[in-house]
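Working notes, structure below.
One is the number of the first residue; the rest follow in order along the sequence. First listed ligand is number 1; within each ligand, the first listed atom is number 1.
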Amino acid sequence: MGTKHLYIETYGCQMNEYDSDRIKNALDAEPTDDPKKADIIIVNTCAIREKADQKAFSGLGKYKSIKANKPDVIVGISGCVAQLYGDTLLKKIPHLDFVLGTRAIPKLPEIISNIESQKRRTVETSYDLEELFEVEPYHKRGKVTAFVSVQQGCNKRCTYCIVPQVRGDEVNRPLPDILKETTNLIEKGVKEITFIGQTVNSWKENGYKFGDLIRAAGEIEDLERIRFTTSYPRDITKRMIDAMKEVPQVCHHLHLPVQSGSNKVLSNMKRTYTREWYVDTIARLKDAVPDITISTDIIIGFPGETDRDFQETMSLMREIEFESSYSFKFSPRPGTPAAEYEKEQTVDPDIASARLSELQAFQKDITEKKNLSRVGHIEEVLVEGESRNDPNFLSGRTDHNRILNFKGTKDLVGKTVQVRVTEGLLNSLRGELVK
Ligand code: SAH
Ligand code: F3S
């Protein structure tokens with residue numbers, strides 16, 4: 001390959017960020033921020049909602065003129081949209097050279113060299129399990145946080161979700177592999193690891209369960225913080241909660257998507273828990289880790305959602321007071337059961353928009369209130385780097401996963417420092433270093 005330049009554009013979740021870094025490593029190419037300088041351009045795509053899916057096409061559209069001016073540049077699509085539409089993409093997009101499915105990253109070097117030598121457009125969307133976790137991600141020098149994938153795919157069959165279709169069944173990575181990748185990252189200066197998986201806490205392998213994974217990570221020397229995402233409510237076990245309580249490196253924040261506060265909607269989504277079960281799970285978590293913060297995902301306008309169902313979601317929002325939430329309007333995805341329900345029980349888009357605005361306005365107030373309540377507290381912050389807006393400020397996250405900016409010098413990057421909170425804003429906190 002020599003020193004080829006790679007430009008990669010990433011959409012979607014942590015899994016895609018991680019896969020983009022794996023692609024960088026697989027190709028052993030120099031990452032560049034300028035697509036005009038690239039020899040290989042890849043758009044790593046997300047299919048979770050129609051809007052995300054459309055972004056993939058507009059993303060690729062941008063590179064048409066580059067390819068026209070520089071025919072040797074190789075343009076590819078990877079990720080969930082690539083897996084979903086496969087070879088039809090080659091027909092639709094004439095300047096596209098390859099389509100790389102979600103499990104095919106280890107095959108990428110071969111694909112590229114075939115395109116170079118034979119000028120043959122390629123589609124690789126098979127699920128080759130043996131090589132699944134083979135390529136570790138590229139790690140940017142000096143970065144103190146990193147993801148480690150512990151699981152691919154998903155075995156839940158939420159009726160609205162395209163993930164099982166585009167990422168396949170759940171495959172769990174062996175514990176020794178996970179610990180090895182983690183240890184390698186610590187040696188490169190990483191202090192905080194986030195284990196990632198679609199339902200990360202359903203991880204089990206060779207007799208070990210998720211709680212055992214947390215405990216094993218807790219034994220790794222110099223690993224200061226452990227996070228994980230995304231947890232599936234029904235897979236929260238006593239073993240997991242005990243590990244969260246007893247392993248001091250585990251951060252006190254959990255992302256726990258609830259989707260709806262209505263049992264009828266939850267059942268139609270096939271989420272496998274009730275509202276009461278979810279509320280009780282949070283109570284069990286708070287019992288073990290009293291200061292834990294919870295964030296969530298909500299879908300508004302699921303087919304058949306009545307005003308009453310929506311009011312039940314709002315009452316859950318009031319009952320739990322999530323630290324933050326990501327909320328989306330339901331988007332019908334091809335091949336999912338809910339796309340069929342949609343045909344009969346569509347929620348009027350204006351009504352869905354109004355519900356979404358109401359929910360988001362409520363969340364904004366709660367998040368702001370919770371951020372304000374931190375003023376005066378001293379927080380431990382792992383310093384991640386300079387603040388994006390002002391180089392005189394450093395930025396990091398608190399144990400509870402809030403962004404905290406404060407004045408300080410670059411030598412503190414990678415250190416855990418004490419910061420007194422002076423301001424609570426909507427998306428972050430401000431504070432001052434405690435000497
Ligand atoms: N387990 C996954 C969930 C992936 S999808 C994870 O790693 O987070 C992330 C969120 O997108 C879901 O929690 C859900 O709230 C939302 N979502 C998924 N499918 C959707 C659809 N068809 N329409 C709207 N939102 C959807
Ligand atoms: Fe999707 Fe449900 Fe799995 S939201 S990723 S099918 S847990």
Is Asp212 salt-bridged to Lys209, going by a charged N under 4.0 Å from an acidic O? no
Quick check with a 6.0 Å cut-off and a 45 degree axis cone: is Lys92 positioned over the face of Phe57's six-membered ring? yes
Which protein non-hydrogen atom lies closest to atom 4 (S) of ligand 2, naming both residue and atom, and how far is it? Tyr160 OH, 3.4 Å
Please determine whether a side-chain nitrogen of the Lys or Arg among Asp235 and Lys156 lies less than 4.0 Å from a carboxylate oxygen of the Asp or Glu. yes
What do you reckon, does Gln14 have a nitrogen or oxygen under 3.5 Å from a nitrogen or oxygen of ligand 1? no
Any idea which protein heavy atom is nearest atom 6 (C) of ligand 1, and the distance to it? Thr230 OG1, 3.2 Å
among protein heavy atoms, the one nearest atom 10 (C) of ligand 1 is Asp297 OD2, 3.4 Å
Among the heavy atoms of Lys156, does any lie under 4.0 Å from an atom of ligand 1? no
Considering both backbone and side-chain atoms of Thr199, is one of its nitrogen or oxygen atoms within less than 3.5 Å of a nitrogen or oxygen in ligand 1? no
Report all side-chain donor-acceptor pairs from residues 174-183 shorter than 3.5 Å, counting only partners two or more places apart or in another chain.
| from | atom 1 | to | atom 2 | distance (Å) |
| --- | --- | --- | --- | --- |
| Glu181 | OE1 | Tyr18 | OH | 3.3 |
| Glu181 | OE1 | Arg173 | NH1 | 2.9 |
| Glu181 | OE1 | Arg173 | NH2 | 2.6 |
| Glu181 | OE2 | Tyr18 | OH | 2.7 |
| Thr182 | OG1 | Ile178 | O | 2.7 |
| Thr183 | OG1 | Leu179 | O | 2.6 |

Keeping the roles fixed (side chain from Asn263, backbone from Arg275), state whether a donor-acceptor pair exists under 3.5 Å. yes
Polar contacts were defined as any N/O atom of the residue lying under 3.5 Å from an N/O atom of the ligand; does this apply to Arg333 and ligand 1? no
Please report which non-hydrogen protein atom sits nearest to atom 24 (C) of ligand 1, along with the residue it belongs to and the distance in Å to one decimal place. Lys329 O, 3.4 Å
Nearest protein heavy-atom contact for atom 14 (C) of ligand 1: which residue, which atom, what distance? Gln259 OE1, 3.5 Å
For atom 5 (S) of ligand 1, closest protein heavy-atom neighbour: Ile48 CD1, 3.3 Å
Closest to atom 17 (N) of ligand 1 among protein heavy atoms sits Arg49 NH1, 3.6 Å
Heavy-atom nearest option to atom 23 (N) of ligand 1, drawn from Gly301, Pro332, Ser331: Ser331
Give me the residue, atom name and distance of the protein heavy atom closest to atom 19 (N) of ligand 1. Tyr160 CD1, 3.3 Å
What protein N/O/S atoms lie closer than 2.8 Å to atom 2 (Fe) of ligand 2? Cys158 SG
For atom 3 (C) of ligand 1, closest protein heavy-atom neighbour: Gln198 OE1, 4.0 Å
